[in-house]
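Below, chain A is the first sequence line, B the second, and so on; all start at residue 1. Computed from a predicted structure; not experimentally measured.
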Amino acid sequence: MMSRASAFAAGVVFAVGLGISGMTQPAKVIGFLDFFGRWDPSLVFVMGGAVVFYFAAFRWVRGYGTPLLADRFRLPDRTDIDARLVAGAAIFGVGWALAGYCPGPAITSLGALSGDALIFAAAMLAGMLVFRTVNRR
Amino acid sequence: MIDTVLLPLAGGALIGVAAAAMLFLNGRIAGISGIVGGALGLPRGDLSWRLTFIAGLVSGGLLLSLVRPSSFPTESVASTPMLIAAGLLVGLGTRLGSGCTSGHGVCGIGRLSQRSILATLTFIASGATTVVAVRALGGF
């Protein structure tokens, strides 16, 4: 029960962070990717603020043997670089630039009843299901 | 200055706080595509925290729309076919590449993961290339 409450609260704070930082404005995100036009550096500061905080927190939290509300830490353990990683990231980047939405801001914008975000998120779920189906073969 | 530096930094710090809380409390990486994609797989006993996190995101969006409506665009920035194509690519790409802006760009880089650093550079590069291409073709 507590772990569900903490996940909910973290989701709320995450969404508010996205909204305040400007990441729920697709035009702003596309502006960041527009290095050869009118570049908007905002995303550098969003990622910078988040990464610096997370970097410090990660080092501190790892000092604990287990998380507060779960039996163990579940962290990615892969270190190999493979074609799927690079191809997947490249495909994601194309979609990100076409609409200015990545998964977090899109789902956050559902709460604001954004029609664009609804269409995008439905297609995103379809894309994830396509991956699951193909990946199983 | 406020819109391009201070608010992004403040919002970014909140994102970092939320991601750190997921790690400290739930022992999980706050990667949105991974959380959503994992929820679609219906793994046993692993669903509830994913759904409550997603519900938190949507609730946060609702809260923002009431308190700070300027957080969201007032008009559409992409056509419906473009939104559908973009969503499909983002869904497919994030699952194939094991993460998105939050999982790789924030949590992965924060853990100094080489995979995540490469993935982040790759999606920013392909995104920037896409913007150039779309502009050349007369979009945006």
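No other option in A:V46, A:D82, A:I81 has as many heavy-atom pairs under 4.5 Å with chain B as A:V46. With chain B as the partner, the residue from A:V130, A:V86, A:L110 showing the most heavy-atom pairs under 4.5 Å is A:V86. Most heavy-atom pairs under 4.5 Å with chain B, from the set A:S109, A:A126, A:A27, A:P41: that is A:S109.
Heavy atoms closer than 4.5 Å to chain B are found in both the backbone and the side chain of A:F58. Only the side chain of A:D40 comes within contact range of chain B, with heavy atoms under 4.5 Å apart. Both the backbone and the side chain of A:R74 have a heavy atom closer than 4.5 Å to some heavy atom of chain B. Looking at A:F120, both its backbone and its side chain come within 4.5 Å of chain B, counting heavy atoms on both sides. Both the backbone and the side chain of A:P76 come within contact range of chain B, judged by heavy atoms closer than 4.5 Å. Using a 4.5 Å cut-off between heavy atoms, A:D71 makes no contact with chain B at all. Heavy atoms closer than 4.5 Å to chain B are found in both the backbone and the side chain of A:L125. Proximity to chain B (any heavy atom under 4.5 Å) is restricted, for A:T79, to the backbone atoms N, CA, C and O. Neither the backbone nor the side chain of A:R62 comes within less than 4.5 Å of any heavy atom of chain B. In this structure, the portions of A:F14 lying under 4.5 Å from any heavy atom of chain B include both its backbone and its side chain. Heavy atoms of A:F53 lying under 4.5 Å from chain B belong exclusively to its side chain.
For B:D3, the salt bridge (Lys or Arg N to Asp or Glu O under 4.0 Å) test picks out no residue, with sequence neighbours left out. A:I119 pairs by the side chain to side chain contact (heavy atoms under 4.5 Å, CB included) definition with B:T80, B:L83, B:I84, not counting sequence neighbours.
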